[in-house]
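Order of the sequence lines sets the chain letters (A, B, ...), proteins ahead of strands, with each chain counted from 1. Just so it is clear, the model here is predicted, and its values are computed rather than measured.
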There are 2 protein chains.
Amino acid sequence: MHQPHPALRQPVTAADRVLLEIQRAIVEGDIAPGSKISEPELARRFDLSRAPLREALARLERCHLIERIPNAGARVVRLSTNGLLALYQLRENLEGLACKLAAEHMTDAEITEVRQLLDQHLSSQRVREGESYYQEAGDLDFHYRVILGSKNSYLINILCDELYYLVRMYRVQLGMNGPRVSRAFDEHKAIINAIANRDGELADLLMRRHIAASRRNIEQQLEQMGT
Amino acid sequence: MHQPHPALRQPVTAADRVLLEIQRAIVEGDIAPGSKISEPELARRFDLSRAPLREALARLERCHLIERIPNAGARVVRLSTNGLLALYQLRENLEGLACKLAAEHMTDAEITEVRQLLDQHLSSQRVREGESYYQEAGDLDFHYRVILGSKNSYLINILCDELYYLVRMYRVQLGMNGPRVSRAFDEHKAIINAIANRDGELADLLMRRHIAASRRNIEQQLEQMGT
DNA sequence: ACGAGATAGATTGTCGACAATGTACGCCTA
DNA sequence: TAGGCGTACATTGTCGACAATCTATCTCGT
């Protein structure tokens with residue numbers, strides 16, 4: 001098997017473990033958006049001291065899941081249309097670049113692996129129609145692979161470590177719905193084809209459109225929720 | 001006056017202060033690239049406990065100035081041709097995007113301010129020809145303004161807080177040299193003109209070329225040093 | 001009654017010491 | 001002599017307590 005991405009090595013320290021737990025809790029909405037983070041409370045809840053907890057909070061700030069103000073504490077980030085727009089503007093650009101670089105740097109073996117992954121997703125999708133959670137994970141896996149294929153460590157770090165938890169947060173909390181799911185597969189297929197053909201320009205374009213479509217999808221959900 | 005950028009608020013905490021000192025020391029090469037970071041030693045040197053120091057180290061890792069391995073310590077990043085290439089690939093793209101967004105979002109007042117800044121740079125450049133340090137600062141100031149003009153907080157954060165210390169490190173340690181300096185002014189002028197005309201596409205293109213030229217310049221220096 | 005200032009409580013920032021882990025040296029064996 | 005093993009040392013991770021700062025409430029004056 002492969003590891004989702006380099007930074008997600010298995011947690012060796014207490015700070016690592018609590019980070020993963022809080023990340024999950026925020027992304028899935030267990031800790032409400034906008035709510036205040038209390039260090040003493042969390043320390044009790046996870047049964048550790050404030051030192052590793054603060055380490056975890058520093059990393060949570062790094063991936064934009066919380067916002068800290070010196071001497072005043074931290075709050076869980078709040079989802080907003082503007083935030084979504086800013087995030088996806090960046091994502092379109094960065095993942096477009098990742099595609100372009102992947103077309104240059106991915107090995108044939110890596111491309112084959114991604115294709116097998118897509119086939120696997122397709123079959124599992126047919127089995128459980130509509131179960132969007134697995135689709136969610138599968139989609140992210142595809143994007144991860146392409147990003148890693150860029151072989152640009154800074155780009156990988158920004159997308160996988162700093163931006164993707166937020167992306168997941170929007171997707172999980174607003175709920176990805178059905179009709180878009182089947183299209184996504186075709187779009188993934190087209191992207192990996194372009195990469196396989198070493199057509200970076202096309203791969204870039206297709207990825208931008210793919211993400212733009214995803215953004216419109218989430219935007220709708222957000223508006224629907226607002227009304 | 002204005003503040004260089006939002007994240008560079010005045011340091012309120014001990015961790016903030018020591019962060020700035022170590023950042024400067026690494027960027028300017030006072031702490032040698034590749035050297036090991038010893039927490040106890042730095043704690044003594046800056047006369048504080050390890051708690052705020054570790055906070056600072058976490059932020060240094062965030063801006064890629066050091067690399068940490070759990071239970072094994074941190075090392076100062078090493079400059080390399082590959083690293084430079086990866087960094088500037090990203091920078092071209094991101095600052096290009098920043099220009100495009102700045103063309104949409106900058107107010108006329110902000111554009112006027114940047115133009116005044118450029119005139120100021122031009123006159124001060126004529127006075128002290130060849131003093132690359134001030135040019136260095138001036139160039140960064142121009143880029144900061146444009147990046148802030150994008151009004152995209154994620155983009156601003158990535159460029160100003162996470163990537164620019166590394167950019168400065170390459171520029172300072174490899175030394176920006178003369179002939180390029182005068183051209184940079186013209187290129188800056190062209191970029192702000194495109195932004196003023198609300199021509200995002202052109203501004204994007206010009207910025208990419210501007211940064212590509214800067215990259216080639218530094219690349220030369222690196223090769224020259226390697227031989 | 002309303003706003004400014006003071007005070008009490010809680011929270012964050014910092015400290016020094018201990019525990020867990022990694023590193024390096026010397027020793028023993030083949 | 002070369003290589004693996006074990007021990008001693010140094011470094012990092014974690015803990016509980018103290019100091020500095022902020023927030024909310026209460027009081028007082030106009």
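Rounded to a whole Å, the CG atom of A:Leu48 is 8 Å from the P atom of D:dT14. Residue B:Asn71 contributes atom CG, which lies 12 Å from atom P of C:dA20 at whole-angstrom precision. Taking atom CZ on B:Arg68 and atom P on D:dT11, their separation rounds to 16 Å, with Å as the unit. Regarding A:Arg75, its CZ atom lies at a distance of 11 Å from the P atom of C:dT12, rounded to whole Å. In this structure, B:Arg50 places its CZ atom 16 Å from C1' of C:dG13, rounding to the nearest Å. Across the protein-nucleic acid pair, A:Arg17 atom CZ and D:dT14 atom P stand 8 Å apart, rounded to whole Å. The CG atom of B:Leu53 sits 16 Å away from the P atom of C:dG13 (whole-angstrom rounding). Distance A:Asp16 CG to C:dT21 P: 13 Å, rounded to the nearest Å.
For the residue pair A:Arg91/A:Tyr88, the side-chain donor-acceptor check at 3.5 Å is satisfied.
A salt bridge is defined here as a Lys NZ or Arg NE, NH1 or NH2 lying under 4.0 Å from an Asp or Glu carboxylate O, and A:Asp161 with B:Arg62 fails to meet this definition. Note on B:Arg115 versus B:Asp119: no salt bridge recorded, every NZ/NE/NH1/NH2 to OD/OE distance being 4.0 Å or above. Residues B:Lys100 and B:Glu104 are not paired through a salt bridge, judged by the lack of any N-O separation under 4.0 Å between the basic side chain and the carboxylate.
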Inset, instruction - Please lay out, stage by stage, how B:Gln23 and B:Leu20 fare under the test side chain to side chain contact (heavy atoms under 4.5 Å, CB included). - result: CA-CA 5 Å; B:Gln23 257 179 352; B:Leu20 289 180; 3.7 Å; yes
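For A:Arg78, the CZ atom is loosely surrounded, since the number of other residues' heavy atoms within 6.0 Å does not exceed 12. By the neighbour-count criterion of 12 heavy atoms within 6.0 Å, atom CG of A:Asp30 is densely surrounded, having more than that number from other residues, nucleotides or ligands.
For the pair B:Ile69 and A:Ala72, both in contact range of DNA chain D, the more 5′-proximal nearest nucleotide belongs to B:Ile69.
In this model, the phosphate group of C:dG13 is approached by a side-chain N or O of A:Arg54 to a distance below 4.0 Å at OP1 or OP2. Under 4.0 angstrom from either OP1 or OP2 of D:dC15 there lies at least one side-chain N or O belonging to A:Ser49. In this model, the phosphate group of D:dT14 is approached by a side-chain N or O of A:Thr13 to a distance below 4.0 Å at OP1 or OP2.
If you check residues 34-43 of chain A against DNA chain C, the residues with a heavy atom closer than 4.0 Å are A:Lys36, A:Ile37, A:Glu39, A:Pro40, listed by number.
Within 4.0 Å of A:Ala51, counting heavy atoms only, lies at least one base atom of the nucleic acid.
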